[in-house]
Amino acid sequence: MLEIGRIRNEKEAIIEGLKKRNIDATTTLDQLIEKDASWRAAKTELESIAAELNKLAKEIGQLFKEGKASEAEAAKTQTSELKATENSLKQDVESFEKEITQLLYTLPNVPNEEVKAGKNETDNEVVFESNRTHTFDFEPQAHWDIAKKHELIDFELGVKVTGAGFPFYRGKGAKLQRALIAFFLDEADKAGYEEFIPPLVVNEASGYGTGQLPDKEGQMYHCTVDDFYLIPTAEVPLTNIYRDVILPNEEFSIKLTGYTPCFRREAGSYGKDVRGLNRLHQFDKVEIVRIEHPRNTANALGEMLDHVKGLLDKLELQYRILRLCGGDTGFASALTYDFEVYSAAQEKWLEVSSCSRFDTFQANRLKLRFKGEDKKSQLCHTLNGSALALPRIVAALLENHQTPEGIRIPDALRPYTGFDFI
RNA sequence: GGAGAGUUGGCAGAGUGGUCGAUUGCGGCGGUCUUGAAAACCGUUGUACCGAGAGGUACCGGGGGUUCGAAUCCCUCACUCUCCGCCA
């Protein structure tokens, strides 16, 4: 959520920034500024009436104490008119607040200066390409065929027991999952991220904190009996650790990681894009989350990119990094880099990681702040990234490391799998 | 699931209708003393918002109510703890 003060002060810059997302925010911002002014006027008036009422109440108390009951009764009548005005002002203030919040919820984050304008994924820029390529002297098979042949993943069994998008992993397929999770967590640990095992369901407040609610409600599974939501990513519980927190000084750099299954209802996709492991309702992911002083955000994002690069290099995969254009950058993000690995068999790039900086957008909703040197509190910056999401990594490993002898496990992973080939 | 007790400032813990944003202790910060530290003593120490400022408003788990006036009374919801039951 954007800060109202920023809208007041930097209206033109926000309008320019949001143009990169193909959004003309002029009307919304004008409405916000107008409503904010009305709100402040009403609020000032309300507070002065409240002050007067407080004063009268004290005087009445004093009169009773001195035994001047009749004077006190007379003073009481004075308050009724003021109270009526107070009540109507209270309602005004509340309705302005509600309208302002509603409008603020509709505005996405302002893209970073590095973000280029653009409509959709076709306008994303490739900013890095790894120097590895995968070549085959035979026709490579798609991962769903490989998985079936080696009995690694059973999609039909998932349909039977749960439904589409909930596969069973079995045998070496299950061990490969476990190996990847352990590998990713160990690498995150080496990079200084503290490991957490968070709850997999969260309450409503946490959903609001990271911005899944109120808008993207349909994306999450909702346990209505208890009003809990299944997490769509570990970002939600990990970032919400710091909801309503004021860090005591400017010396902080918080690095968290966690492995969780992720649950996404994700309606509306079908066909080849969702075949096999490409899109699931439940999948595994190791997430990294950072909470940073604004001055360190750019640096932190760079470190996250290097970290993910390192993972993909160790897995010996061909990949590239995209800087998302305005139109493709997520609602809460100011700047997002996507990692894609090449799938030789599917002849397409698969997104395996997304690293974003949210600047104050999440922190504002989370009320996550730090005390500056001047003792005033300021909003922190939050960042997060996948390091990494498993299903597409598994797809890429199976497809790109297939040999006539089977699937070759990259060296870095062998200590974790305990086998060299599938 | 049943019964009971709770929820107050960083922590502990007072406060049952007015002078309570809140006693006190611990912790934190500043100072005195000390070569330095500890102890002792003195002072200070929540958050947010409105206001140019003076100042003001709100917050004692959340929401609502009673009252001129609520941390304090009433209703409601959430959570925590204890005992019993059930259970990995």
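All values reported here derive from a predicted model rather than from experimental measurement. So you know, we letter chains A, B, ... as the sequences are listed, proteins then strands, and number each from 1.
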Residue whose closest nucleotide on RNA chain B lies nearer the 5' end, A:Lys43 versus A:Leu46: A:Lys43
5′-ward residue of the pair A:Gly61/A:Glu86 relative to RNA chain B: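 Nearest nucleotide further toward 5': that of A:Gly61.
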Could you measure the distance from the [atom1] atom of [X] to the [atom2] atom of [Y]? Nearest 0.5 Å is fine.
X        : Y        : atom1 : atom2 : answer
A:Leu390 : A:Leu277 : CG    : CG    : 10.0 Å
A:Phe339 : A:Ser354 : CZ    : OG    : 9.5 Å
A:Thr360 : A:Leu368 : OG1   : CG    : 10.5 Å

Whole-Å distance between [N] [atom2] and [X] [atom1]?
X        : N     : atom1 : atom2 : answer
A:Leu53  : B:U67 : CG    : P     : 15 Å
A:Asn87  : B:C68 : CG    : C1'   : 14 Å
A:Asn249 : B:G10 : CG    : C1'   : 14 Å
A:Lys371 : B:C29 : NZ    : P     : 15 Å
A:Leu89  : B:C50 : CG    : C1'   : 13 Å
A:Arg8   : B:C50 : CZ    : C1'   : 10 Å
A:Asp227 : B:C77 : CG    : P     : 15 Å
A:Leu247 : B:G28 : CG    : C1'   : 17 Å

Check the phosphate of [N] against [X], side-chain N and O only, distance under 4.0 Å to OP1 or OP2. Yes or no?
X        : N     : value
A:Ser377 : B:A48 : yes
A:Arg369 : B:A48 : yes
A:Lys55  : B:C68 : no

Considering only atom [atom1], compute the distance from [N] to [M] and round it to an integer number of Å.
N     : M     : atom1 : result
B:C29 : B:A14 : C1'   : 25 Å
B:U72 : B:C60 : P     : 8 Å
B:U44 : B:G56 : C1'   : 24 Å
B:A71 : B:U8  : P     : 16 Å
B:C68 : B:G61 : C1'   : 28 Å
B:A54 : B:G6  : C1'   : 43 Å
B:U66 : B:G85 : P     : 45 Å
B:A40 : B:U34 : C1'   : 12 Å

Identity of whatever pairs with [N] - Watson-Crick or G-U, under 3.5 angstrom:
N     : value
B:C68 : B:G18
B:A12 : B:U24
B:G46 : B:C59
B:G4  : B:C81
B:A37 : none

Tell me, please, whether [Y] has [X] positioned over its six-membered ring: NZ or CZ under 6.0 Å from the ring centre and within 45 degrees of its axis?
X        : Y        : result
A:Lys309 : A:Phe128 : yes
A:Lys255 : A:Tyr193 : yes
A:Lys175 : A:Phe419 : no

Geometric class of the A:Tyr416/A:Phe183 ring pair [parallel <30°, tilted 30-60°, perpendicular >60°]: perpendicular
Counting only side-chain heavy atoms from C-beta out, which of [options] sits nearest to [X]?
X        : options             : result
A:Thr44  : B:G56, B:C68, B:G51 : B:G51
A:Trp39  : B:U57, B:C49, B:C68 : B:C49
A:Ile246 : B:U57, B:U47, B:C50 : B:U47
A:Arg40  : B:A48, B:C50, B:G69 : B:C50
A:Asn54  : B:U57, B:C50, B:G18 : B:U57

Have a look at [X] and say if it touches a base, only the backbone sugar-phosphate, or nothing, with a 4.0 Å heavy-atom cut-off.
X        : value
A:Lys367 : nothing
A:Ser48  : nothing
A:Ala75  : nothing
A:Leu56  : nothing

Least distance between heavy atoms, A:Lys119 atom then A:Asp123 atom: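 In terms of heavy atoms, the two residues are closest at N-OD2, 2.7 Å.
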